[in-house]
Novice: 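Could you have a look at this structure, given as structure tokens, before my questions?
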Amino acid sequence: MSIALDLSSDLHRFANTLHRPMCDLLGCTWPVVLAGMGGVSRAELVTAVTVAGGFGFLGMVREPTSLILKEVREVRAGTDRKFGVNLIPTATPVDLLDAQIATCIEIGVPVVALFWDVIPAIVRRLRDAGITVAYQIGSIEEARSAEAAGVNFLIVQGREAGGHVRGTQPLAVLLPEVVAGTRLPVLAAGGITEGADVATALSLGAQGVVLGTAMIPTRESFAHSYHKQRIVDAGEHETLLTDSFHINWPKGARVRVLANSVTRGERGDPFGACGTNGTESTVIGEEEGRPIYLFSTDSPLRSMTGDFEAMALYAGTGAERISDITGAATRLHQIVLQAGALLDPGVASVLDRKESAIALSEHMGDERHRTTGRHALLATLNELLEAERAGARVASQMVVEIAEPSLKQMMIAVRQDEARWCGVLTKAIQSLDGSPSRRTGAFYEKAMAVADLWQRMAFLNRGQAWVVRKLHALLPGVDEKQLRAELTAMLASHQENIRLVERQLEAATGGAPPGSA
Ligand SMILES: Cc1cc2nc3c(=O)[nH]c(=O)nc-3n(C[C@H](O)[C@H](O)[C@H](O)COP(=O)(O)O)c2cc1C
């Protein structure tokens, strides 16, 4: 993104803009949380993130209590702020899990994040000991189970996430569903690597974000430099979901990784005799005397040697947008700064100098900036952004209200599209050095005032038709190739959705859609 802001002087102006109640609960300045990545999120990284104003979880899945004690001691030596520990009950032997929990309670770990199957007894035990508890969830059903179990907040994980992926829905679909369907505060996880992702997640109702992949290629992470570099080198669409790395995990558990010889099937059948039986497993590495097996869930760490290429190279879909190994504080602050610039109502003044420079050069006939109607283009893109945000919110609400499965499915798809176009428009506005609007179009209030669901659906369709008209009028004046292609795709997608909704309306009413003009 191209907004030129000064990291040191502009950062603090965004503290209020980005502050959410979750910051008070976690004792952090920024609503940005380091994921409890097993192996990767150790004391050095957690401390760096915490000192930089974020919040960090130590990734302690299946780790001995001695390591938990050591890492917690180290974090406490580096900061007085709160921090957390991540545990995964389902992937941990019962005795070890019991000892891990007892240790967390004994040493007063402030926050514990849990993942995979929701186990109410564990939540109760931790809460009774005064610990704040989070559950990372992958579906609305799981969110409701975690809420019923008594957790303090949820981490909504979209299928874009690196590492183990619990659910099947993209973040843009699952997040608004959970925000609307539970009363708990939520953090968003999965594919978040830039400020625009944070701004979108906050706009969709999250109180903060969780970063995994973005924090792997940092100097303080415990990942091996091989893993860090593979993320930096990752191209488009290089990650995939697979259940090939499965030793120690329930069958069928999927992880998102970078493609490698294992995912291409060049290392044999992960579920053959070599893959499942410890005694016959192929050793491909070593960590302080502990063998690392082919098809295990271990990822390359600083403390390991071996055939790193064949290990689980966890990465979320955002890997393709990460281009360097940097300090954790720098990565965090860059993301915060971008998000702040997008969401801060007063950011226009930060951009004033730049805007005036462009306006002046337009006036002087500077060829570089003679983008005819740039201001008009930005205004229309922002108008469309507000409309799409309104559309996404209406669709979100309707997903919750609609009971009939195929209709619900259709509305989920509409909502997903609307959220996607919000992202596209936000980026387009940024690329024009504009400031994406934070407002939700008045359409939302108007649509929600329509009580009858069929009539509201027809109203939504009229909103979609307005977008189509707007795009038809706009497109001939758009010179930039990429933007024109994206807006054309947006137009086609709206036309398709209008047809889908019309068909449902016709089926429901035998030909005359209620409320249609
Ligand atoms: C290397 C790596 C290890 C992970 N280990 C864990 C873990 O031990 N426990 C857990 O709850 N989540 C784990 N996750 C998933 C994260 O909690 C989070 O959902 C994910 O990183 C968010 O997506 P992103 O990687 O695209 O930012 C891991 C993710 C990665 C990338």
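First listed ligand is number 1; within each ligand, the first listed atom is number 1.
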Novice: Taking the minimum heavy-atom distance to atom 6 (C) of ligand 1, which of Gly36, Gly163, Gly39 ranks first?
Specialist: Gly36

Novice: Tell me, please, which residues at least two apart from His164 pass ring pair (Phe, Tyr, Trp, His ring centres under 6.0 Å).
Specialist: Trp116, Trp249

Novice: So which heavy atom in the protein is nearest atom 11 (O) of ligand 1, and how far is it from that ligand atom?
Specialist: Asn86 ND2, 3.0 Å

Novice: Between Ser261 and Glu309, do the side chains contain a donor N or O and an acceptor N or O under 3.5 Å apart?
Specialist: yes

Novice: Is there a heavy atom of Ala214 sitting under 4.0 angstrom from any atom of ligand 1?
Specialist: no

Novice: Could you list which atoms of ligand 1 come closer than 4.0 Å to a heavy atom of Ala35?
Specialist: 16 (C), 17 (O)

Novice: Of all the non-hydrogen atoms in the protein, which one sits nearest to atom 15 (C) of ligand 1, and at what distance?
Specialist: Gly162 O, 3.5 Å

Novice: Between Asp243 and Lys251, does any side-chain N to carboxylate O distance fall below 4.0 Å?
Specialist: no

Novice: Short list, please: which atoms of ligand 1 are under 4.0 Å from a heavy atom of Gln157?
Specialist: 19 (O)

Novice: Backbone, side chain, both or neither: what part of Ile216 comes under 4.0 angstrom of ligand 1, heavy atoms only?
Specialist: side chain

Novice: Which pairs pass salt bridge (charged side-chain N to carboxylate O under 4.0 Å, His left out) with one or both residues in residues 19-41, sequence neighbours excluded?
Specialist: none

Novice: With distance as the sole criterion, is a donor-acceptor pair present between the side chains of Asp298 and Ser296 under 3.5 Å?
Specialist: yes

Novice: Can you list the atoms of ligand 1 that are under 4.0 Å from a heavy atom of Gln136?
Specialist: 11 (O), 12 (N), 17 (O), 18 (C), 19 (O)

Novice: Taking side chain as C-beta onward, heavy atoms only, is Arg42 less than 4.5 Å from Leu67?
Specialist: yes

Novice: For a side-chain hydrogen bond (donor to acceptor under 3.5 Å, both in side chains) with Arg331, tell me which candidate from Thr218, Thr193, Asp324 qualifies.
Specialist: Asp324

Novice: Considering only heavy atoms, does Ile155 approach ligand 1 within less than 4.0 Å through its side chain, its backbone, both, or neither?
Specialist: neither

Novice: If you measure every N/O of Ala161 against every N/O of ligand 1, is any gap under 3.5 Å?
Specialist: no

Novice: Looking only at heavy atoms, what is the nearest atom pair of Ala15 and Trp30, with distance?
Specialist: CA-CZ3, 3.6 Å

Novice: Pairing donors with acceptors under 3.5 angstrom, does anything connect the side chains of Arg389 and Thr440?
Specialist: no

Novice: Any idea which of Glu63, Met37, His227 brings a heavy atom closest to atom 4 (C) of ligand 1?
Specialist: Met37

Novice: Provide the number and element of each atom of ligand 1 under 4.0 Å from a heavy atom of Val61.
Specialist: 8 (O)

Novice: With respect to atom 25 (O) of ligand 1, which of Val255, Ile192, Thr213 exhibits the smallest heavy-atom separation?
Specialist: Thr213

Novice: Report yes or no: do Asn152 and Thr132 form a side-chain donor-acceptor pair below 3.5 Å?
Specialist: no

Novice: Under a 4.0 angstrom heavy-atom cut-off, which atoms of ligand 1 come close to Gly316?
Specialist: 26 (O)

Novice: Which heavy atom of the protein is the closest neighbour of atom 5 (N) of ligand 1, given with residue, atom name and distance?
Specialist: Gly38 N, 3.1 Å

Novice: Tell me, which protein residue and heavy-atom name are nearest atom 27 (O) of ligand 1, and how many Å apart are they?
Specialist: Gly212 N, 2.9 Å

Novice: More than 12 heavy atoms of other residues, nucleotides or ligands under 6.0 Å from CD of Glu106: yes or no?
Specialist: no

Novice: Mind checking whether Gly191 has a heavy atom under 4.0 Å from ligand 1?
Specialist: yes

